[in-house]
Amino acid sequence: MLRQQRLNKLVKQSDHKPLCIAHRGASGHRLENTLEAFEYAADLGAEMWEIDVRLTADGVCVISHDDNLMHTAGVDVTISEVSFEVLSSYRLFNNQSVPTFEQVLDLAMQTGTGLYVELKGEGAGAEVLKTLERTPYDEVAIGSFVAEWVAEMDEVNCPYPLSVLVRVGDCPFEQAKKAKADMIHLCWERASDTPHELLTDELLQTAKEQQLPIVIWHEERPSEIEKLLHMPVIGICSDLPELITGYHPHPSNPIQMVLHRGANDVAPENTKIAAEIGYRAGASVIELDLNTSSDGELMVIHDPTADRTTNLIGEVSDISREQFGTCDAGTWFHPSFSKQSVSTFGDFLELAKENDGELYVELKQANVGQVIETGLQHNALSRCFFWSFNNDYIRELKTDYPDAGLMLRRQDFDSFEALLDFAHPVIIEYDYLIDDLREFSQCRDHGIKSMLRYPGTDQGVWVELIGKQPDMVNIDFPFAFAKAYEAWKQKESFFE
């Protein structure tokens, strides 16, 4: 495939939404430029990884932003002054070694992820091309701040799209001409609090006239990303890929995404990090489970015992809040989550307020009055709705706390009318397999939101269910849902 063909393919991929380019991998979650950072970026749905390449003293192409290991390993070792064998003897902070370009290429091919290669060391470009000659891969672009290095790639007829990285104050079009680049990568993240405003109509028009697609700096401000997603750019870099790859609803069908135990497919369930990733991925609501500790605290944990999801053993009711607060509730999922502990309901209420989000609270073993009082104390009761398998809890909520939002499952009642005779909930949950989804309109007629529960990942099923326009979806796989929603938008010709 020729360079222009690869460029055209890259541009076409971004027709309906800018590509997510995970900056040094998912560097907001894992140690930058490591195999685990790249692998996690793939889990978060990134279409490309931005990687920094440089050479060891014996010419091996490796991945590292700095030429020194102090930042990633805490040792004063200069990569360009040691052999690859010596470099490999050092452990990074995550106990991995500095990866080679070849290793990252193999992982990219396994995960179907593109590589956005930034040249950090002189001569690294030639080694990248040698590796790609041995192991061809179409999904690659190459760039650098050093325009001369990019021009050298052009001079050797590089078959991959070339990008020039542009600092604040430099003219992107002069840099592109100097580098003989196919794309301009604007590195303006520190230019202001609202750098999207620098993408003026004049700049965008000139880029269009000169046929220079635009790639955007690494951005982690949700408000900025929302602006950039609607601009004519082909890619946005980010340390937090979920901000880009997450759910972005169309105004015609603004389904609220509810995440069961948080983003539990990419983080340990019922932890704060699972909730934080979930909110960043576009969730309006995080579902959680409440059990009570030995000292009467409301703890966010699903099981009646701590055995499955923590390093503690025993009944939740026999373990104190202090023990939960210092336990390891993440290593069972992945060692990088070892600092996650079991949080209180109050912690999650504050997290919901910080993210302007809501909570779907399932009562496992909890005092209903205490739950409501905690919500009031945190001035966040209106952000919650409640449900339980325990019918006594449901009746107590209905009778004693009529102002608290109640959710009921449609499958628990013989008819829609029987459900309304029992109570007037704020939400009715429908199971996609067993319930009549035609009742969504009846819900709206009664001022009740419909919530569709689908625990799977089948995109075809999702596209069909999205078309039924529930008010909410209760799901386990936010990134699969986000992709399905984008497919639905394309099917309906909602191109933004």
Side-chain angles (χ1 to χ4, degrees), residues 1 5-6 9-10 12-14 19-54 60-65 72 84 87-88 91-92 94-118 124-125 127-143 159-161 235 237-242 244-246 263-267 277 281 333-337 456-459 476-484 486-487:
M1 189 179 291
Q5 290 175 309
R6 289 190 171 100
K9 183 179 178 182
L10 194 63
K12 186 168 180 56
Q13 283 180 277
S14 65
L19 300 176
C20 173
I21 305 173
H23 184 241
R24 308 179 196 175
S27 57
H29 298 284
R30 307 282 170 85
L31 185 63
E32 66 177 52
N33 276 319
T34 59
L35 292 176
E36 71 169 9
F38 299 129
E39 192 167 20
Y40 197 53
D43 291 342
L44 295 174
E47 286 93 0
M48 301 186 83
W49 307 325
E50 186 269 349
I51 67 175
D52 301 293
V53 297
R54 56 178 67 252
V60 177
C61 189
V62 296
I63 313 299
S64 178
H65 180 271
T72 54
F84 177 66
L87 180 66
S88 300
R91 296 289 97 181
L92 304 178
N94 67 347
N95 205 35
Q96 293 187 343
S97 58
V98 175
T100 65
F101 175 69
E102 196 166 11
Q103 288 176 308
V104 175
L105 175 61
D106 287 344
L107 184 60
M109 295 174 73
Q110 291 171 28
T111 58
T113 310
L115 295 179
Y116 189 81
V117 182
E118 182 181 343
E127 292 304 313
V128 166
L129 291 182
K130 286 180 185 177
T131 301
L132 289 169
E133 285 175 5
R134 295 193 301 270
T135 310
Y137 190 48
D138 285 338
E139 314 301 319
V140 176
I142 301 172
Y160 299 95
C237 294
S238 184
D239 298 346
L240 300 170
E242 66 269 24
I244 302 166
T245 60
N264 74 79
D265 65 326
V266 294
I277 292 174
F333 188 91
H334 189 277
S336 65
F337 294 112
T457 60
D458 187 291
Q459 180 165 299
D476 291 89
F477 302 97
F479 301 105
F481 174 72
K483 286 184 178 180
E486 290 300 314

Exercise for review: Kindly compute the distance separating CD (Gln96) from CD (Gln103), expressed to the nearest 0.5 Å.
Suggested key: 9.0 Å
Exercise for review: Starting at CG of Leu115, measure out to CD1 of Ile21 and round the result to the nearest 0.5 Å.
Suggested key: 11.0 Å
Practice item. First locate atom CD1 of Ile277, then atom CG of Asn264, and finally report the distance between them rounded to the nearest 0.5 Å. Key: 11.0 Å
Exercise for review: Could you check if a side-chain atom of Val62 sits within less than 4.5 angstrom of a side-chain atom of Val53, using non-hydrogen atoms only?
Suggested key: no
Practice item. Dump the intermediate steps for side-chain hydrogen bond (donor to acceptor under 3.5 Å, both in side chains) on Asp239 and Ser27, then the final yes or no. Key: CA-CA 5 Å; Asp239 298 346; Ser27 57; 3.1 Å; yes
Check your understanding: About how many Å separate CZ of Phe479 and CG of Asp43, when rounded to the nearest 0.5 Å?
Key -> 9.0 Å
Review point. Quick one: CD on Glu36 to CG on Leu31, what's the gap to the nearest 0.5 Å?
Key: 7.0 Å
Review point. Considering only heavy atoms from C-beta outward, does the side chain of Phe38 approach that of Arg30 to under 4.5 Å?
Key: no
Check your understanding: Do Pro478 and Asp265 have side chains that get closer than 4.5 Å, going by heavy atoms?
Key -> yes
Review point. Where is the tightest heavy-atom contact between Pro136 and Met109, given as atom of each residue plus distance?
Key: O-CE, 3.8 Å
Exercise for review: Return the minimal non-hydrogen interatomic distance between Tyr40 and Ala26, and the atom names on each side.
Suggested key: CD2-CB, 4.0 Å
Point to revise | Trace of the side-chain contact (heavy atoms from CB on, under 4.5 Å) decision for Val266 with His29 | key: CA-CA 11 Å; Val266 294; His29 298 284; over 6 Å; no
Revision key, fill the gap. What one should report as the nearest heavy-atom pair of Glu50 and Asp52 is OE2-OD1, 3.2 Å
Point to revise | Of Leu107, Ile51, Val104, the residue whose pairing with Pro99 passes side chain to side chain contact (heavy atoms under 4.5 Å, CB included) | key: Val104
Check your understanding: Hey, is the main chain of Glu102 close enough, under 3.5 Å, to the side chain of Thr131 for a donor-acceptor pair?
Key -> no
Practice item. Might you work through the side-chain contact (heavy atoms from CB on, under 4.5 Å) test for Lys130 and Glu127, ending with a clear yes or no? Key: CA-CA 5 Å; Lys130 286 180 185 177; Glu127 292 304 313; 3.3 Å; yes
Exercise for review: Please examine the side chains of Ser64 and Asn33, heavy atoms only from C-beta on, and report whether any two atoms are closer than 4.5 Å.
Suggested key: no
Practice item. Flag the pair Val98 / Thr72 as yes when at least one side-chain heavy-atom distance between them is below 4.5 Å, and no otherwise. Key: no
Exercise for review: Go through Val128 and Cys61 one step at a time and tell me if the side-chain contact (heavy atoms from CB on, under 4.5 Å) criterion holds.
Suggested key: CA-CA 7 Å; Val128 166; Cys61 189; 3.9 Å; yes
Review point. Sub-3.5 Å donor-acceptor pair from the side chain of Glu47 to the main-chain atoms of Cys20, do we have one?
Key: yes
Exercise for review: Quick one: closest heavy-atom pair of Tyr160 and Tyr137, and the distance?
Suggested key: CE2-O, 3.2 Å
Practice item. Could you check Met48 against Gln13 for side-chain contact (heavy atoms from CB on, under 4.5 Å), going step by step and ending with a plain yes or no? Key: CA-CA 11 Å; Met48 301 186 83; Gln13 283 180 277; over 6 Å; no
Exercise for review: List for me each residue that meets side chain to side chain donor-acceptor pair (under 3.5 Å) alongside Arg24, sequence neighbours excluded, and say none if there are none.
Suggested key: Glu32, His65
Practice item. Measure the spacing between CD1 of Ile142 and CG of Leu129 and express it to the nearest 0.5 Å. Key: 5.0 Å
Point to revise | Sidechain-backbone polar pair: Tyr116 side chain, His23 backbone, donor-acceptor under 3.5 Å | key: no
Check your understanding: Within a strict 4.5 Å, meaning less than it, do heavy atoms of the Leu132 and Val140 side chains meet?
Key -> yes
